[in-house]
A.B. asks: 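After the structure tokens below, expect a handful of questions from me.
All values below come from the heavy atoms of this structure, side chains included, with hydrogens, waters and symmetry mates left out. Letters A, B, ... are given to chains in the order of the sequence lines, protein chains preceding strands, and every chain is numbered from 1.
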Amino acid sequence: MRIAPLHAWALPAAEAVELQRALAAKVRERPLRRAPRLVAGIDCGYSRREDRLYAAVVLCRLPGRTPHSPVEVETVEERVVTARPRMPYIPGLLSFRELPPVLECLERLEHAPEAVLVDGQGRAHPRRLGIASHLGLILGIPTVGCAKSLLVGVHAVPGRRRGSRRALLHRGETVGCALRTRDGVAPVYVSVGHLADLAGAVRLVLAATAGFRLPEPARRAHHLATMARLKDEGGQ
DNA sequence: GCGACAG
DNA sequence: ATCTTGTCGC
Ligand SMILES: [Mg+2]
């Protein structure tokens, strides 16, 4: 897919924060198409030894109408890009570290995703511009954040069954939700990235989850990034 | 000033 | 994120 550069990436923290405030105003929350089928997952790994990032994207086709999980998810395309990090990890500025190689992965995809699932937050961010929202603005397609832990916000404990959810609140706003994707397993944190609504984001995460805590596209991207890192480290 | 803090 | 062994539950 074709991606237009939006801004520079290696910025002093204070400038990155200002850029986030400007970009956050452009994020749009709106109903997500009922059933996106071609969904990409993105993730990024890191080797301390090599001081390198391993970005991965896996494009998946979700099944149409399937009453129960586990759903059958098919991998359509996958890409890996390795790069030296341009920024350290700073809580709140994750996208500035991980997006550059992720965008290269997406550029090398033949098919354009209908939506992207991101390992990290969307609007559930101090300035409402988590990595999923930032990526959505650059791509101009719907994105959803699905994080394994919390950056900001508070929530009640969801019921123990898959599908149970409780709102995630931050400064008086609902910024996402804690969603149980498996019975009795720790919830994930779902938030709107861009061009989606929370109900649609939750539907997509549940529709893409096939027997594991994380939705398949994101889980497969994480696995692919890990394999790339291990291959790099193993080959001395 | 102190603590919290996606990946 | 990575580092790193054992341990718990199905
Ligand atoms: Mg990750």
A.B. asks: Against A:Asp119, only a single residue in A:Lys148, A:His222, A:Arg219 fulfils side-chain hydrogen bond (donor to acceptor under 3.5 Å, both in side chains); can you say which?
C.D. replies: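 Considering A:Lys148, A:His222, A:Arg219, a side-chain hydrogen bond (donor to acceptor under 3.5 Å, both in side chains) with A:Asp119 is found only for A:Lys148.
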A.B. asks: Can you tell me how far C1' of C:dC3 sits from CD of A:Glu233, to the nearest Å?
C.D. replies: 11 Å
A.B. asks: Do you know the tightest heavy-atom contact between A:Arg220 and A:Glu74?
C.D. replies: NH1-C, 3.9 Å
A.B. asks: Measure from NE2 on A:His223 to P on C:dA1 and round the result to the nearest Å.
C.D. replies: 14 Å
A.B. asks: Base, backbone or nothing for each nucleotide of nucleotides 1-7 of chain B, written B, S, -, heavy atoms under 4.0 angstrom, 5' to 3'?
C.D. replies: ----BBB
A.B. asks: Going by atom types alone, do A:Arg52 and A:Thr82 pair a side-chain donor with an acceptor below 3.5 Å?
C.D. replies: yes
A.B. asks: When you measure from the side chain of A:His125 to the backbone of A:Gly92, do you find a donor-acceptor pair of N or O atoms at a distance under 3.5 Å?
C.D. replies: yes
A.B. asks: Roughly how many Å is it from OH in A:Tyr54 to P in C:dT2, rounded to a whole number?
C.D. replies: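 Taking OH of A:Tyr54 and P of C:dT2, I get 10 Å after rounding.
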A.B. asks: Is there a donor-acceptor pair closer than 3.5 Å between any side-chain N or O of A:Gln121 and the backbone N or O of A:Ser149?
C.D. replies: yes
A.B. asks: Checking side-chain polar atoms at under 3.5 Å, does A:Asp51 have a donor or acceptor matched by the opposite partner on A:Tyr46?
C.D. replies: yes
A.B. asks: What is the distance, to the nearest angstrom, from the CZ atom on A:Arg48 to the C1' atom on C:dT4?
C.D. replies: 11 Å
A.B. asks: Salt bridge check, A:Asp183 against A:Arg162: does any charged N sit closer than 4.0 Å to a carboxylate O?
C.D. replies: no
A.B. asks: Starting from P on C:dA1, measure out to CG on A:Asp51 and report it in whole angstrom.
C.D. replies: 17 Å
A.B. asks: Counting the benzene-type ring for Trp, do A:His155 and A:His170 have ring centres under 6.0 Å apart?
C.D. replies: no
A.B. asks: Check nucleotides 8-10 of chain C for protein N or O atoms closer than 3.5 Å to its own N or O atoms and list the pairs.
C.D. replies:
none

